[in-house]
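To start, the structure itself, in structure tokens.
Predicted model, so just to flag it, every value in this text is computed and none were measured. The chain is numbered in sequence order, starting from 1.
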Amino acid sequence: MEIDRPGPGEELNLGEATVPRLAATVIVLRGGGTALEVLLVKRNPEARFMGGAWVFPGGAVDRDEGHGEDALRAAAVREVTEEAGIRLPSPEGFVPYSRWTPPPQVKIRFDTWFYLAPLPAGAEPRVDGSEIVDARWYAPADALRAATDGQLLLVFPTIKHLEQLSSFGSADALLDHARSREIRPVEPRVVMSGEQARVVLPGESGYDG
């Protein structure tokens, strides 16, 4: 599994940096106090952005959704409904988890807030077969192993979130942790090694070089 190179939709931009669009992503959880599984959806391989990648449901804020926190949460509800066929309850109950912006060298950029939301009782994912062609539940560590085995295509932000989530034994434990978590914006950097690009996070070797 190549986790240190730009994935589909993360190709390098050698010109002026693109201004990132505001976006929301939802990590839908199930398992309660006994287990932790997250929902991953597979983007249509023909899609221009992230084609074939398994991701958390999400997308850009629409203009008519306004600005700020309310717009992010509205976009989160809409995207989970459109991509996974799940109608989430009031977005006020979403728990912010992280905020990511791709490096300036990446062509397509989103200022993305990641939220946690438990799966509503009785709900199950349904895909439209157009934008999203599959959906599966994974324990975070199992998703990472599937990617290593070549069964899933994962992109850098998804991999890094799954690595963090794999340390929690249940959905409830993760939610409890997130409610006290300080959200600090994360902007990875692209480090060139010869003709190859490597993506690094703050605190990792090469980030401040």
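- Ring centroid separation for the pair Phe94 and Phe114 does not come in under the 6.0 Å cut-off.
- A distance-only check finds no donor-acceptor pair linking the side chain of Asp62 to the backbone of Asp64 [under 3.5 Å].
- A donor-acceptor pair under 3.5 Å is formed between the side chain of Ser170 and the backbone N or O of Ala173.
- With rounding to the nearest 0.5 angstrom, the CD1 atom of Ile108 is 5.5 Å from the CZ atom of Phe49.
- Of all non-hydrogen atoms in Arg87 and Pro120, the two that sit nearest each other are O-CG, 3.6 Å.
- Once rounded to the nearest 0.5 Å, the distance linking CD1 of Ile159 with CG of Leu162 reads 8.0 Å.
- The closest side-chain heavy-atom distance from Glu69 to Glu92 is not below 4.5 Å.
- In this structure, the side chains of Leu39 and Tyr138 stay at 4.5 Å or more apart for every pair of heavy atoms.
- Contact record, Ala60 with Arg78: O-NH2, 2.9 Å, taken as the closest heavy-atom pair.
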Notebook entry, point to check: For Phe156 and Trp100, what are the C-alpha separation, side-chain angles and deciding distance, and is it a side chain to side chain contact (heavy atoms under 4.5 Å, CB included)?
Noted result: CA-CA 11 Å; Phe156 187 81; Trp100 279 56; 3.8 Å; yes
Per-pair distances, 0.1 Å, donor-acceptor, side chain in residues 22-36, under 3.5 Å, sequence neighbours excluded:
| residue | atom | partner | partner atom | Å |
| --- | --- | --- | --- | --- |
| Arg30 | NE | Glu37 | OE1 | 2.6 |
| Arg30 | NH2 | Glu37 | OE1 | 2.9 |
| Thr34 | OG1 | Gly31 | O | 3.2 |

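- Using a 4.5 Å heavy-atom threshold, the side chains of Leu165 and Leu174 count as touching.
- Taking CD of Glu79 as the reference point, atom CD1 of Ile132 lies at 9.0 Å (rounded to 0.5 Å).
- Considering CZ of Arg126 and CD of Glu124, their distance stands at 10.5 Å, rounded to 0.5 Å.
- Distance check: Leu88 CG to Thr81 OG1 gives 6.5 Å after rounding to the nearest 0.5 Å.
- With contacts defined as side-chain heavy-atom distances shorter than 4.5 Å, the pair Leu144/Glu163 qualifies.
- Using a 4.0 Å cut-off between charged nitrogen and carboxylate oxygen, Arg43 and Glu131 count as a salt-bridge pair.
- Legend: residues meeting side-chain contact (heavy atoms from CB on, under 4.5 Å) with Val133, ordered by chain and number and at least two apart, are Lys42, Asn44, Pro45.
- Classification of Arg179 and Asp176 as a salt-bridged pair holds, one side-chain N sitting under 4.0 Å from a carboxylate O.
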Item checked: Criterion side chain to side chain contact (heavy atoms under 4.5 Å, CB included) on Met50 and Val155, from CA distance to verdict -> CA-CA 8 Å; Met50 300 288 185; Val155 292; 3.5 Å; yes
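- Put simply, CG on Leu40 and CG on Asp134 are 10.5 Å apart, with the number rounded to the nearest 0.5 Å.
- For the pair Leu153 and Gly51, the tightest heavy-atom approach, listed with the atom from each and the gap, is CD2-O, 4.0 Å.
- Smallest separation of non-hydrogen atoms from Val61 and Gly66: CG1-O, 4.1 Å.
- In this structure, Pro96 and Arg73 approach most closely via the heavy-atom pair CG-NH2, 3.8 Å.
- Across Ala123 and Ile86, no two heavy atoms sit closer than the pair CB-CG2, 4.3 Å.
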Next item on the list: Step by step, work out the side chain to side chain contact (heavy atoms under 4.5 Å, CB included) result for Leu152 and Arg136.
Entry: CA-CA 11 Å; Leu152 300 180; Arg136 298 178 191 171; 4.0 Å; yes
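- Two residues are said to be in side-chain contact when any heavy atoms from C-beta on lie closer than 4.5 Å; Pro185 and Arg99 meet this criterion.
- Looking at Arg184 and Glu182, a side-chain N of the basic residue comes within less than 4.0 Å of a carboxylate O on the acidic one, giving a salt bridge.
- The existence of a salt bridge linking Asp111 and Arg21 is excluded, since no basic side-chain nitrogen approaches an acidic carboxylate oxygen closer than 4.0 Å.
- The side-chain contact (heavy atoms from CB on, under 4.5 Å) check on Arg181 picks up Tyr97, Gln164, His177, Ile183, with sequence neighbours excluded.
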